[in-house]
Amino acid sequence: MPTCRPSRHRTATVGTLIAGALAAGLLVPAQSASATDGTGDGAGVRVHDIQGTTRISPFAGRQVTDVPGIVTAVKNFGSARGFWIQDTAPDKDDATSEAVFVFTGKDAPAVAVGDDVRVSATVTEYYPGGEAAGLQSVTQLTKPTVTVKSSGNALPAAVRLRPSTVPAAYAPDAHGGSIEKLPLKPGRYALDRYESLEGMRVEVRDAPVVGATSEHKDLWVTTDPRHNRTQRGGTVYGSYADPNAGRVKVVSLLPYAQHPFPVANVGDELTGTTAGPLDYDNFGGYTLQATELGTLKDRKLQRETTRKQKSDELAVATYNVENLSPKTPQAKFDRLAAALVTNLASPDVVALEEVQDDNGTTNDGVVDAGQTLKKLTDAIVAAGGPAYAWRQINPVDGKDGGQPGGNIRTAFLFNPARVSFKDVPGGDATTPVKVSREGGKAALSASPGRIDPANPAWTNSRKPLAGQFSFRGRDVFVVVNHFNSKGGDQGVDSRFQPPARTSETQRLQQAQSVNAFVKQLLAADKRANVIVAGDLNDYQFSPALKALTAGGVLTDQVDRLPKKERYGYVYQGNSQVLDHILTSRHLGRVDYDIVHVNAEFADQASDHDPQVLRWKP
């Protein structure tokens, strides 16, 4: 992968740390064993021999005998129990890890931290999520026989993760192929550095939180706080070339009853030292399994509130309400309503995504969403907001993706006291809306109407909904979208580099379809006021957004924000853009705001932040 900045002096700190540990007597130099020096039978093999200088162990599938190590951590919960051992006699190769996970399955490990052990076992490569998932493997010792030699031993010193030890360049470029057999270059690539530390004790100090605590009791920190920092303390994901190498997930091996996991928001800090073995899992790549947790410093991150639109300004918002149905707890309806009324200042038009049908995920043929929308609009009135009306089109059962049975769709809310909706009959799930020219202006054959629903681009995906509004005598065409998800894409930490983004193909086709529709509107009236909004499930620099704005027909408003403000969604510690509002040329300059009320917080009403645009005709 291309690098965004040079990675100088990347190996000095790790080497210095190991040298210091040697001097302190915590580590003892040792010669490496190999299959060519009399250890082909697996005897005399040490951990660094097992780990090797690539991601795949040279001993994979073979038995090893009496592998020495100090137990540094124990995982005694779940179905994947085991413990980590680390050799106190490292070799001199920076590419070879000195630690490995010993997998005991459902059996509780019969060891304690500080035990000096000898392990006889089979070396295996475990692929989280299965090999087909595309993730990297974890070298393990399985079916172990363990002998404890002594207890209460000092643990090897932890390697500190920081800019001087983790390169800014993320991964070697294998032209889409696997990197697992490439020689590790830990001084050059972040993924190679992490792999060279697999299972070893690592630490972060005074680590900024860049991904809030999730329901699974994990959070994300960065080891490079100054890199791509947002104005609110996160890390902006601004290009495929730079996925922010300093991001590391933190989970805890400590008993939750005695050591509650910190509930952190983006911008908070884990002060002091957080330390433990470096693992890799299918829910977030390289993960610090903490045996020591820093203290949470609450930076008091506040939810944002946008200004109210002026009387002569049209306010249009987009909000992904995340699988909303009548089965959703009332508390979520109330929170969404409060955000719309207070934080978004009651927009005139709201483009909604992920509105489910009236019985949610019950898969019985129900497709109408009237109860869902009524429950939301009632909650808005109760929160002091306007009596919104709505428009939507029921999908064909099971044809628009999302949770099975949920029949998610896009929909419009609008405040009839401020804006009017031009109803034109004829719109349904399968009839495409057409553009005509009437009285010198663009007009729709159906309002609301679905764009190009038979196009294969919309297979198993939400179809865009177009509607014609009138504000202060001006026609405004709004298109609400929810492009297909990123499901099936390889992760940024995949063993295939650069990772394949297979879902991108469909979004590209969807963007071309919407772009063609906008061009039809502008062909009918070059001064047409067009707003395209919604969850596009893609970045401002993606091929899909380039296709959507092709020909200069639309401007993506996120591109007009300062780079450190371009985000409304946080995934694996990356603050990024998935939701967009785009405008046609005639609207000119508009006032645009991403309102941060969800994505950076452990307590969320949705995983998306809403956005709002204000336009003065």
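In this chain, numbering begins with 1 at the start of the sequence shown. The model shown is predicted, which means the values in this text are computed figures rather than measured ones.
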Rounded at 0.5 Å granularity, tell me how far [atom1] in [X] sits from [atom2] in [Y].
X      : Y      : atom1 : atom2 : value
Leu161 : Leu197 : CG    : CG    : 6.5 Å
Asn515 : Leu545 : CG    : CG    : 11.5 Å
Thr291 : Glu203 : OG1   : CD    : 10.5 Å
His482 : Lys463 : NE2   : NZ    : 12.5 Å
Leu582 : Gln540 : CG    : CD    : 11.0 Å
Leu376 : Leu324 : CG    : CG    : 6.0 Å

Give the intermediate values and the outcome of side chain to side chain contact (heavy atoms under 4.5 Å, CB included) for residues Val204 and Arg160.
-> CA-CA 6 Å; Val204 293; Arg160 185 177 174 186; over 6 Å; no
Kindly indicate whether the side chain of [X], heavy atoms from C-beta on, has any atom under 4.5 Å from the side chain of [Y].
X      : Y      : value
Leu288 : Thr274 : yes
Arg507 : Gln509 : no
Thr54  : Leu182 : no
Val100 : Ile85  : yes
Asp607 : Tyr569 : yes
Val221 : Pro208 : no
Glu198 : Leu278 : no
Val321 : Val355 : yes

How far apart are the closest heavy atoms of [X] and [Y], and which atoms are they?
X      : Y      : value
Tyr240 : Pro543 : OH-CD, 4.0 Å
Met200 : Ala99  : N-CB, 3.4 Å
Arg193 : Thr165 : NE-O, 2.7 Å
Ala602 : Ala264 : CB-O, 3.7 Å
Arg566 : Val577 : O-CG2, 3.2 Å
Lys564 : Arg229 : CB-O, 3.6 Å

Examine distances only and state if a side-chain atom of [X] and a backbone atom of [Y] form a donor-acceptor pair shorter than 3.5 Å.
X      : Y      : answer
Gln510 : Ala457 : yes
Asp192 : Glu195 : no
Thr230 : Val236 : no
Gln86  : Glu98  : no
Ser461 : Trp458 : no
Asn265 : Leu301 : no
Glu600 : Val597 : no
Arg495 : Leu135 : yes
Asp279 : Thr287 : no
Asp173 : His175 : yes

Hey, would you say the Tyr237 and Tyr539 ring centroids sit under 6.0 Å apart?
->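 Yes, they do, as the ring centres are separated by less than 6.0 Å.
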Do Phe601 and His596 make the cut of ring centroids closer than 6.0 angstrom?
->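 When the ring centroids of Phe601 and His596 are compared, they turn out to be at least 6.0 Å apart.
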Neighbour count >12 (heavy atoms, 6.0 Å) for atom NZ, Lys185 | no
Tyr127, OH atom: more than 12 neighbouring heavy atoms under 6.0 Å | yes
Hey, are [X] and [Y] close enough for a salt bridge, meaning a charged N less than 4.0 Å from a carboxylate O?
X      : Y      : result
Lys249 : Asp493 : no
Glu565 : Lys563 : no
Asp268 : Lys297 : no
Glu125 : Arg55  : no
Lys486 : Asp538 : yes

If only side-chain N and O atoms count, and only distance matters, is there a donor-acceptor pair under 3.5 Å linking [Y] with [X]?
X      : Y      : result
Thr235 : Asn244 : no
Ser606 : Asn598 : no
Gln356 : Asn323 : yes

Verify side-chain hydrogen bond (donor to acceptor under 3.5 Å, both in side chains) between Asn460 and Asn484, making sure each step is shown before the conclusion.
-> CA-CA 8 Å; Asn460 200 36; Asn484 77 297; over 6 Å; no
side-chain hydrogen bond (donor to acceptor under 3.5 Å, both in side chains) between Tyr592 and Gln611: does it pass, once the steps are laid out?
-> CA-CA 8 Å; Tyr592 168 73; Gln611 305 181 3; 2.7 Å; yes
Applying ring pair (Phe, Tyr, Trp, His ring centres under 6.0 Å), name anything that partners Trp84, two or more places apart in sequence or on another chain.
-> Phe101
Under the ring pair (Phe, Tyr, Trp, His ring centres under 6.0 Å) rule, what pairs show up with a residue in residues 264-293, not counting sequence neighbours?
-> Tyr194-Tyr286, Tyr280-Tyr286
Please lay out, stage by stage, how Val558 and Ile594 fare under the test side chain to side chain contact (heavy atoms under 4.5 Å, CB included).
-> CA-CA 8 Å; Val558 73; Ile594 301 175; 4.2 Å; yes
Show your reasoning for whether salt bridge (Lys or Arg N to Asp or Glu O under 4.0 Å) applies to Asp224 and Arg162.
-> CA-CA 6 Å; Asp224 193 356; Arg162 51 183 170 177; over 6 Å; no
Quick one: is the NZ or CZ of Arg462 closer than 6.0 Å to the six-membered ring centre of Phe483, and within 45° of its axis?
->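 No.
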Mind running side chain to side chain contact (heavy atoms under 4.5 Å, CB included) on His259 and Leu293 for me, showing each step along the way?
-> CA-CA 9 Å; His259 304 275; Leu293 269 172; 5.5 Å; no
Does the side chain to side chain contact (heavy atoms under 4.5 Å, CB included) test come out yes or no for Gln572 and Val210, once each step is laid out?
-> CA-CA 8 Å; Gln572 294 187 350; Val210 294; over 6 Å; no
Just one of Asn481, Thr410, Thr318, Asn320 clears the side-chain hydrogen bond (donor to acceptor under 3.5 Å, both in side chains) bar with Glu353, so which one?
->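 Answer after filtering Asn481, Thr410, Thr318, Asn320: Thr318.
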